[in-house]
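Reckoned from all heavy atoms, side chains included, excluding hydrogens, waters and symmetry mates. Just so it is clear: chains get the letters A, B, ... in the order the sequence lines come, proteins before strands, and each one is counted from 1.
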2 protein chains.
Amino acid sequence: MFESFDTRQTLSKKDFKALEPGLRAALVDAQFELVQGADFPVLILLSGFDALSRAACAKQLMTWLDSRHMRPFAIMHDEEAARIYPPMWRYWQALPTKGNIGLFLSTWYDDSIRGALLKSDAGFDLDRRLDKIVRFEDMLANEGALILKFLLVEGREEQLEDLKVTKASKHEPWKITEADKRLRTAARKDYDAVLDLAKTIVGVTHKGYAPWVPIASTNEEHRDMAVGKSLLAALKSRLERPAAPERPPAAPFVSTVKDGNVLDTLDLTQTLERDAYKDALKAQRRKLTRLTTGKAFEERSLIVAFEGNDAAGKGGAIRRVVQGLDPRLSRVVPVSKPTAEEDAHPYLWRFWRHIPRRGHTTLFDRSWYGRVLVERVEGFAKSHEWQRAYDEICAFEQDLTGAGAIVVKVWLAINKDEQLARFQDRENTPHKRLKITDEDWRNRDKWDDYRTAVHDMVTRTSTPCCPWSLIPANDKRFARVAVLKTINDRIEAALAD
Amino acid sequence: MFESFDTRQTLSKKDFKALEPGLRAALVDAQFELVQGADFPVLILLSGFDALSRAACAKQLMTWLDSRHMRPFAIMHDEEAARIYPPMWRYWQALPTKGNIGLFLSTWYDDSIRGALLKSDAGFDLDRRLDKIVRFEDMLANEGALILKFLLVEGREEQLEDLKVTKASKHEPWKITEADKRLRTAARKDYDAVLDLAKTIVGVTHKGYAPWVPIASTNEEHRDMAVGKSLLAALKSRLERPAAPERPPAAPFVSTVKDGNVLDTLDLTQTLERDAYKDALKAQRRKLTRLTTGKAFEERSLIVAFEGNDAAGKGGAIRRVVQGLDPRLSRVVPVSKPTAEEDAHPYLWRFWRHIPRRGHTTLFDRSWYGRVLVERVEGFAKSHEWQRAYDEICAFEQDLTGAGAIVVKVWLAINKDEQLARFQDRENTPHKRLKITDEDWRNRDKWDDYRTAVHDMVTRTSTPCCPWSLIPANDKRFARVAVLKTINDRIEAALAD
């Protein structure tokens with residue numbers, strides 16, 4: 001792509017002025033359609049080593065398009081957020097909603113570029129990073145996003161010049177961050193290394209659904225016109241299609257449940273006597289307190305996904321876990337139907353919102369696994385949606401654990417008779433009424449479908465860093481202690497690493 | 001309240017155990033009703049000088065109630081947020097939605113208590129702080145919130161003891177923040193000063209709609225039972241009422257428009273010739289860039305509310321302002337109908353969400369003034385809602401300016417003939433279609449009502465720190481330059497302070 005690329009392309013000021021009104025009108029028209037009815041978001045990435053050029057180009061786009069529906073995103077400070085949340089957290093917060101445009105001046109490529117050029121991290125693995133990026137953009141595209149990645153390319157000569165600060169209009173002293181400066185200095189030292197890196201990144205991450213568009217950026221008029229035209233073409237082409245394209249899965253989905261359901265391996269008859277329960281509960285609760293308030297935990301975080309049959313005792317188990325946590329450092333997030341705001345984002349966005357900062361804990365009462373459980377069984381998600389969710393979820397959990405989070409996933413399992421008894425009990429006990437709805441009874445009718453879904457979920461998403469823990473829960477006491485013990489064991493193992 | 005208050009009240013462990021199941025069942029029942037259908041949020045404040053006692057009490061409440069619908073809020077770190085956002089920002093972010101309970105272990109009283117006791121800020125004015133708190137809670141109550149403020153009171157002897165760290169169960173080493181420690185040390189030095197301060201705070205801020213409930217907290221069982229019972233009584237009493245009570249305004253609302261409309265003072269015939277416009281625009285745009293990227297601005301922020309008649313040219317004016325701003329440090333927020341999530345919060349919450357951090361700018365295309373404009377005229381807000389909004393908005397803007405924000409409010413004024421001409425032009429110009437809807441035509445029928453609303457808005461919310469700027473906008477060029485100049489003048493004046 002770069003060998004044959006002429007970084008010297010120019011457009012005269014006169015030609016720019018002649019072309020601009022038509023382009024702008026067409027862009028505004030396309031954006032009008034986008035805002036009015038399109039059910040997809042647009043992500044524009046502006047990459048390149050010249051922060052001033054990126055900012056100037058962004059400003060031009062903000063001027064051409066309706067800035068009310070276009071939001072620039074840039075990381076200008078060494079923010080606390082970068083330190084206390086997983087790295088991807090900030091990008092997820094910045095994702096545009098359907099009908100809107102996100103203009104990314106800082107992107108998920110930045111860490112990879114810095115890591116590769118600055119060589120400050122010995123364990124840095126570019127291939128692995130790029131692989132994660134491919135998965136991330138694949139997910140975004142599958143969720144409907146239109147992704148355009150512009151690479152603003154300067155010639156060898158410009159690259160060798162000093163920081164463009166002096167070239168920037170003195171009336172527009174755009175701030176250059178320290179990160180920008182370090183990076184540019186590294187690039188000046190070894191232009192060939194920069195070119196090689198660009199080739200590698202583009203080579204691995206250039207996809208039909210998230211293409212790289214190189215733009216010669218030495219001449220401003222050419223740069224802005226080329227970006228504008230390219231954006232217009234992409235918007236028009238996408239708007240003309242009747243619906244978001246759906247890439248077929250690599251292989252048809254086959255449930256592995258025929259080889260036996262993992263739930264059959266559970267011994268649901270296990271129980272715990274009252275006194276033993278009280279002692280064990282107290283000991284585990286105290287251990288949890290100790291583990292989550294110690295010095296070692298300050299750089300970690302705890303995320304627990306509670307799943308299970310209806311009436312399996314999630315609420316009671318959560319309550320026992322809460323008793324071991326500092327209320328100032330933890331919270332419980334109930335997961336039910338997404339709000340309209342959540343629905344306008346990629347599926348996992350509503351869980352990213354509640355990911356805890358370092359030293360904190362979030363307990364999810366139901367979780368992102370709803371995608372492959374209730375949404376699969378009830379048909380709320382299309383088959384290609386829940387089928388690709390297994391991979392998306394594994395990538396999501398890797399983003400979390402890679403940043404030090406301890407992710408625990410428990411399935412509380414009861415049998416059908418036990419559920420019936422508990423449903424009846426709930427309807428007859430005043431302070432349990434909150435827990436029983438008509439939906440619970442309807443779900444019960446699909447007991448076997450849910451069993452299959454659970455089996456597929458467990459076999460496909462039990463990874464070394466985030467294994468599933470299946471907890472026999474016919475006996476509430478046994479289950480509560482087992483949940484606490486599972487969490488404690490996982491924290492202990494993680495802190496020992 | 002304190003003279004006759006026995007801090008020695010106790011409840012035996014045995015009595016606690018006997019009472020607990022009944023209380024818990026009743027609390028869960030009340031919360032069930034709250035979650036299912038109540039249209040109000042509950043705010044529980046836990047105050048007092050013993051952080052451990054507050055945390056232990058919070059933990060008990062989290063255990064009794066359904067923690068999925070109850071969210072504790074505590075500031076545990078010297079967070080970046082405290083430095084880069086206005087102080088009230090964090091509390092607004094933590095406000096519970098309708099049907100939910102917010103459990104505040106850190107409260108908007110903390111700064112006042114610290115300021116009064118630690119005397120680190122020479123200009124600290126307790127009366128003014130408490131006055132602001134009264135207005136804030138008044139607003140919350142008017143928006144429907146049930147507010148309960150518990151003051152956990154220890155006796156003189158406990159207060160004189162050392163930090164209760166040693167008394168806390170060694171299995172529950174709740175973290176004590178540095179702020180907690182400093183405060184407690186100050187309190188130990190001068191118990192009478194603490195008592196006086198508590199009396200003053202309670203005296204000024206104890207209201208029927210936001211009562212203080214003193215709780216003897218020396219004995220844990222008594223403390224938790226007293227808080228639980230008090231909460232239960234408040235929940236039940238509020239749930240039994242058919243609807244949120246509406247306190248009548250202190251005085252009936254009288255529009256002052258009869259003395260002449262401020263809009264009549266405007267000279268709408270002012271124009272600017274093309275060449276003069278180009279020069280002035282360029283100069284003002286560059287000045288804006290210089291002002292908002294200079295060192296002095298780093299500790300400030302800029303918030304501009306754009307209001308005006310439909311088709312007055314807000315979009316065009318915003319575009320010219322955007323051209324002077326760094327896209328990495330600014331954003332435009334279009335204000336339209338609130339989302340369901342925003343609707344479940346007090347009215348001003350959806351604007352607090354977008355308040356810029358220090359050094360950044362937010363341009364609001366329409367603003368919080370919708371309450372006293374479209375919501376008043378169209379009847380979307382009840383009369384008592386928009387009538388009290390004038391005061392609420394002034395308090396909101398004070399919170400912003402008090403933290404260094406520069407708040408500019410512009411009204412773009414055109415006359416009725418000019419609006420008609422522009423509506424027709426919009427319908428005939430492809431790239432302006434985005435800007436014209438049936439609603440615009442309907443609004444036009446209420447031209448005079450809007451004029452009255454604008455007059456009342458301007459006369460009631462033009463404060464010394466946040467004056468309104470009325471901009472004649474029949475001539476777009478004149479208006480755009482005037483908007484930029486207004487913003488620049490205000491920034492310049494603020495930075496010169």
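Ranking Pro72(A), Gly315(A), Ala30(A) against chain B, the residue ahead of the rest is Pro72(A), based on heavy-atom pairs under 4.5 Å. In terms of non-hydrogen atom pairs under 4.5 Å with chain A, the most contact-rich of Arg320(B), His360(B), Glu342(B), Glu341(B) is Glu341(B). The candidate from Gln60(A), Arg54(A), Arg71(A) with the greatest count of non-hydrogen atom pairs under 4.5 Å with chain B is Arg71(A).
The ring pair (Phe, Tyr, Trp, His ring centres under 6.0 Å) test applied to Phe364(B) returns Trp368(B), not counting sequence neighbours. Every residue was checked against the side-chain hydrogen bond (donor to acceptor under 3.5 Å, both in side chains) condition with Arg350(B), not counting sequence neighbours, and none meets it.
With respect to the salt-bridge test (charged N to carboxylate O, under 4.0 angstrom), the residues Glu298(B) and Lys295(B) qualify.
In this structure, no portion of Ser106(B) lies under 4.5 Å from any heavy atom of chain A. For Thr339(A), the part lying under 4.5 angstrom from a heavy atom of chain B is the side chain only. Contact of Val322(B) with chain A is made through backbone and side chain together, with heavy-atom distances under 4.5 Å. Interface residue Ile318(B): only side-chain heavy atoms are found under 4.5 Å from chain A.
Put simply, the side chain of Glu307(B) gets close to the backbone of Ser367(B): a donor and an acceptor are under 3.5 Å apart.
No side-chain heavy atom of Leu152(B) sits less than 4.5 Å from a side-chain heavy atom of Asp50(B).
Heavy atoms only, all atoms of each residue included: Val321(A) and Val483(A) are closest at CG2-CG1, 4.1 Å.
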